[in-house]
Asker: 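I have a structure here, written as structure tokens, and I will follow up with some questions on it.
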Protein chains: 2
Amino acid sequence: MKHPQQHPDLDQMKLTEVMAALSDPIRVGLVRLLSDGVERGWGELRAPVAKSTLSHHLRVLRNAGITRTREEGTRCFVTLRRADFDTRFPHLMDAVLDAAGSEDVGHHVGLASAEKLSGVRAGEEVNA
Amino acid sequence: MKHPQQHPDLDQMKLTEVMAALSDPIRVGLVRLLSDGVERGWGELRAPVAKSTLSHHLRVLRNAGITRTREEGTRCFVTLRRADFDTRFPHLMDAVLDAAGSEDVGHHVGLASAEKLSGVRAGEEVNA
DNA sequence: TACGTCGTTCGATGTTTTAAGAACGGCGAA
DNA sequence: TTCGCCGTTCTTAAAACATCGAACGACGTA
């Protein structure tokens, strides 16, 4: 996509930026979704926001060094930069994921799978 | 002081609020300062902001459940709610403190000790 | 080539946050 | 009681953020 998507190096990651990135429920939800290490296509992601907003959230995560975006043709795939992140901020991701899991932060963020199979379109009814 | 200073219970603490509270360098600096477990008087704290702003930052930390404020006569004392916090968010504080230490977040926040001994007044020259 | 899809970027809007100063209320000392 | 100190709250202003819709550019396909 147009501009070549920059990802920060380990030593460019800033704690306060990471904390700010993880202070939004939708972004935490996305991180939880990616926490199994599986790469996900943009189109699989479901969140109760407009696509431009989702794009914005993914950029915040990317700029903070939390996720990596890979482009393939016209579509994008995201992964957690788990190893990098753990190197720079040991144990932080684990602690955040545990906490987020226990209070179910970002539960309205999910995958397309179920809805897609039942014919529901992108971005609909998920906000219910 | 006037209103009785409310502190959230363990189950009222919200991850995203905590993350937001820790996304500001000054607040992280305050947390680092308190991380030795010693209770500090308001007057000991030095940060390059106006007192109303410092009061605001301390309220954000308090509302997030990170610190506890105790009043004694006309002055206040703050402590980290370390045990509570660790119960609610295991390992999170350690991870944050480690990261903050390694990049020296909030280094402009400090104690009065040295300056006081040399006759410097509250809130001055620290912003240098 | 013309069209549709995909994700980003732009522009606008409303909300939240940071910040400082002024005014206030509580308390202790003179 | 009167004064001064301490920390909070209020007011105001500036900056940052979340959100959306529209427009755009890149790519694949008909």
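Predicted, not measured: the structure shown is a model, and the values here were computed from it. Below, each value reflects all heavy atoms present in this structure, side chains not excepted, and no hydrogens, waters or symmetry copies.
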Asker: When you check the side-chain N and O atoms of A/Arg62 and A/Thr69, is any donor under 3.5 Å from an acceptor?
Answerer: yes
Asker: Run the salt bridge (Lys or Arg N to Asp or Glu O under 4.0 Å) test against A/Arg40 and tell me which residues pass, sequence neighbours left out.
Answerer: A/Asp36, A/Glu44
Asker: B/Leu58 CG to D/dT9 C1': how many Å, rounded?
Answerer: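 The distance from CG of B/Leu58 to C1' of D/dT9 comes to 15 Å, rounded to the nearest Å.
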Asker: Ignoring hydrogens and angles, tell me if any N or O in the side chain of B/Thr53 forms a donor-acceptor pair with the backbone of B/Val49 under 3.5 Å.
Answerer: no
Asker: Quick one: does any side-chain atom of B/Arg32 pair with a main-chain N or O of B/Leu97 as donor and acceptor, under 3.5 Å?
Answerer: no
Asker: Look at A/Arg59 and C/dT9 and indicate whether a side-chain polar atom (N or O) is within less than 4.0 Å of OP1 or OP2.
Answerer: yes
Asker: Keeping A/His7 on the side-chain end and A/Gly65 on the backbone end, is there a donor-acceptor pair under 3.5 Å?
Answerer: no
Asker: Roughly, in whole Å, what's the span from NE2 in A/His108 to C1' in D/dA18?
Answerer: 13 Å
Asker: Once you build an axis from the first five pairs and another from the last five of the helix from C/dT1-D/dA30 to C/dA30-D/dT1, how far apart in angle are they, to 10 degrees?
Answerer: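 Result, rounded to 10 degrees: 10°.
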Asker: In whole Å, I'd like the distance from the CG atom of A/Leu54 to the C1' atom of C/dC6.
Answerer: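 The distance from CG of A/Leu54 to C1' of C/dC6 comes to 12 Å, rounded to the nearest Å.
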Asker: A/Leu22 has an atom CG; how far is it from atom P of D/dA18, in whole Å?
Answerer: 12 Å
Asker: Any side-chain N or O of B/Ser55 under 4.0 Å from OP1/OP2 of D/dT8?
Answerer: yes
Asker: Would you kindly give the CZ-to-C1' distance between A/Arg75 and C/dC6, to the nearest whole Å?
Answerer: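 From A/Arg75 CZ to C/dC6 C1': 7 Å.
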Asker: For B/Phe77 and C/dC27, give me the distance from atom CZ to atom P, rounded to whole Å.
Answerer: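 Atom CZ in B/Phe77 sits about 15 Å away from atom P in C/dC27.
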Asker: Can you give each donor-acceptor pair under 3.5 Å made by side-chain atoms of residues 10-26 of chain B, sequence neighbours left out, with the distance rounded to 0.1 Å?
Answerer:
unit_1	atom_1	unit_2	atom_2	d
B/Gln12	OE1	B/Asp9	N	2.8
B/Ser23	OG	B/Ala20	O	2.7
B/Asp24	OD1	B/Ile26	N	2.8
B/Asp24	OD1	B/Arg27	N	3.3

Asker: Any side-chain N or O of A/Trp42 below 4.0 angstrom from OP1/OP2 of C/dT5?
Answerer: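 False: A/Trp42 side-chain N/O out of range (4.0 Å or more) of C/dT5 OP1/OP2.
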Asker: B/Glu71 CD to C/dG26 C1': how many Å, rounded?
Answerer: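 The distance from CD of B/Glu71 to C1' of C/dG26 comes to 10 Å, rounded to the nearest Å.
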Asker: Measure CZ/A/Arg40 against P/C/dG7 and give the value in whole Å, please.
Answerer: 15 Å
Asker: Name all residues meeting the salt bridge (Lys or Arg N to Asp or Glu O under 4.0 Å) criterion together with A/Arg68; count only those two or more places apart in sequence or in a different chain, and write none if there are none.
Answerer: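 For A/Arg68, the residues satisfying salt bridge (Lys or Arg N to Asp or Glu O under 4.0 Å) (neighbours in sequence not counted) are A/Asp84.
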Asker: Categorize A/Arg70 for me: base, sugar-phosphate, or nothing, with a 4.0 angstrom heavy-atom threshold over every strand shown.
Answerer: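 Contact class for A/Arg70: none.
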Asker: Using a 4.0 Å heavy-atom cut-off to protein, can you give one letter per nucleotide of nucleotides 14-21 of chain C, 5' to 3': B if the base is in contact, S if only the sugar-phosphate is, - if neither?
Answerer: ----SSBB
Asker: Tell me, please, which residues at least two apart from A/Arg82 pass salt bridge (Lys or Arg N to Asp or Glu O under 4.0 Å).
Answerer: A/Asp86, A/Asp94
Asker: Give the cluster check for B/Val38 versus B/Leu61: same hydrophobic cluster or not, with ILVMFWY residues linked at side-chain heavy-atom distances below 4.5 Å.
Answerer: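 No, no single cluster joins them.
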